Amino acid sequence: MKFTFFSVLVVIITAASCNNATQPVTETLFTTDTLKVVKENTPVASTVCYASTGNNTVNLKLLINGSSVTGNLLYNLKEKDSNKGDLTGTLKGDTLLADYNFMSEGVQSTRQVIYLLKDNAAIEGYGDVEEKNGNMIFKNTRTVTFGKGVKLQKVNCEK
């Protein structure tokens, strides 16, 4: 009996010490898994380009990083002055609202632009504007309408 009791005691102590040894491994695996999830959810910047078809040339190139957007915009509309510049803005859902800094006829200007990015298209929005601090901005972005103006199609970006 003494030998059996002693054997059982050794088995219990061994099992208890083995159980404690595996606990930190479990915690380490959980921490590693958590780090992987954080890395997978980190936004990756992507470049997207849109262009017009027909008599008017409009090219829009966007670098989207989460909700932050930068890019270039070129308007060369028939019988109007062309302008070219940079834009900086934010993407909320499928709507881009940005400040467009451009040069036209030797004059540097800034105005807001708004595009609906949907179904492989960028549709420019129009609405009432006002001058504020020398820049043209929308009076109310909620009243902007889409579909009456320039519609750009998604294209491959040229390198």
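Everything numeric in this text was worked out from a predicted model, so none of it was measured.
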Test L60 against V48 for side-chain contact (heavy atoms from CB on, under 4.5 Å), laying out the working first. CA-CA 8 Å; L60 175 62; V48 183; over 6 Å; no
Is L97 linked to L116 within one hydrophobic cluster, defined over Ile, Leu, Val, Met, Phe, Trp and Tyr using a side-chain heavy-atom separation of less than 4.5 Å? yes
With the 4.5 Å side-chain cut-off for hydrophobic clustering, are F102 and I114 part of the same group? no
What residues form a side-chain hydrogen bond (donor to acceptor under 3.5 Å, both in side chains) with S104, not counting sequence neighbours? none
To the nearest 0.5 Å, how far apart are NZ in K151 and OG in S52? 13.0 Å
Any side-chain heavy atom of T95 within less than 4.5 Å of one from T141? no
Distance col, row N135:CG vs T110:OG1, nearest 0.5 angstrom, shows 4.5 Å
Taking all non-hydrogen atoms of both residues, which atom of T47 and which atom of K61 are closest, and how far apart? CG2-CE, 3.7 Å
Grab the two heavy atoms, one from K139 and one from V129, that are nearest each other, plus how far apart they are. CE-O, 3.6 Å
May I have all residue pairs that pass ring pair (Phe, Tyr, Trp, His ring centres under 6.0 Å) and include part of residues 106-155, sequence neighbours excluded? none
Applying side chain to side chain contact (heavy atoms under 4.5 Å, CB included), name anything that partners N140, two or more places apart in sequence or on another chain. R142, T143
For D99, side-chain hydrogen bond (donor to acceptor under 3.5 Å, both in side chains) partners two or more places apart: none
Please step through side-chain contact (heavy atoms from CB on, under 4.5 Å) for the pair V113 and Y75, ending with a clear verdict. CA-CA 12 Å; V113 293; Y75 287 100; 4.2 Å; yes
To the nearest 0.5 Å, what is the distance between CG on N120 and NZ on K118? 12.5 Å
Do I123 and V155 sit in one hydrophobic cluster, given that two such residues count as connected whenever their side-chain heavy atoms are within less than 4.5 Å of each other, even indirectly? no
M103: what forms a side chain to side chain contact (heavy atoms under 4.5 Å, CB included) with it, not counting sequence neighbours? Q108
Please list, one pair per line, the donor and acceptor atoms closer than 3.5 Å that link side chains of residues 82-91 to other protein atoms, with sequence neighbours excluded.
residue : atom : partner : partner atom : Å
N83     : OD1  : Y100    : OH           : 2.7
D86     : OD1  : N72     : ND2          : 2.7

Within residues 45-123 or reaching into it, pairs that qualify as disulfide (SG to SG under 2.5 Å) - sequence neighbours excluded: C49-C157
Separation between CG of L62 and NZ of K154, rounded to the nearest 0.5 Å: 10.0 Å
Pairing residues for N56 by the side chain to side chain contact (heavy atoms under 4.5 Å, CB included) criterion, not counting sequence neighbours: L77, K78
Per the disulfide (SG to SG under 2.5 Å) rule, what does the pair list look like for residues 64-148, sequence neighbours excluded? none
Could you work out the complete set of other residues in the hydrophobic cluster of L74, with links drawn between I, L, V, M, F, W and Y side chains under 4.5 Å apart? none
Give the cluster check for V150 versus Y50: same hydrophobic cluster or not, with ILVMFWY residues linked at side-chain heavy-atom distances below 4.5 Å. yes
CG (L152) and CG (L73) are apart, to the nearest 0.5 Å, by 8.0 Å
Which residues share a side chain to side chain contact (heavy atoms under 4.5 Å, CB included) with E105, sequence neighbours left out: D81
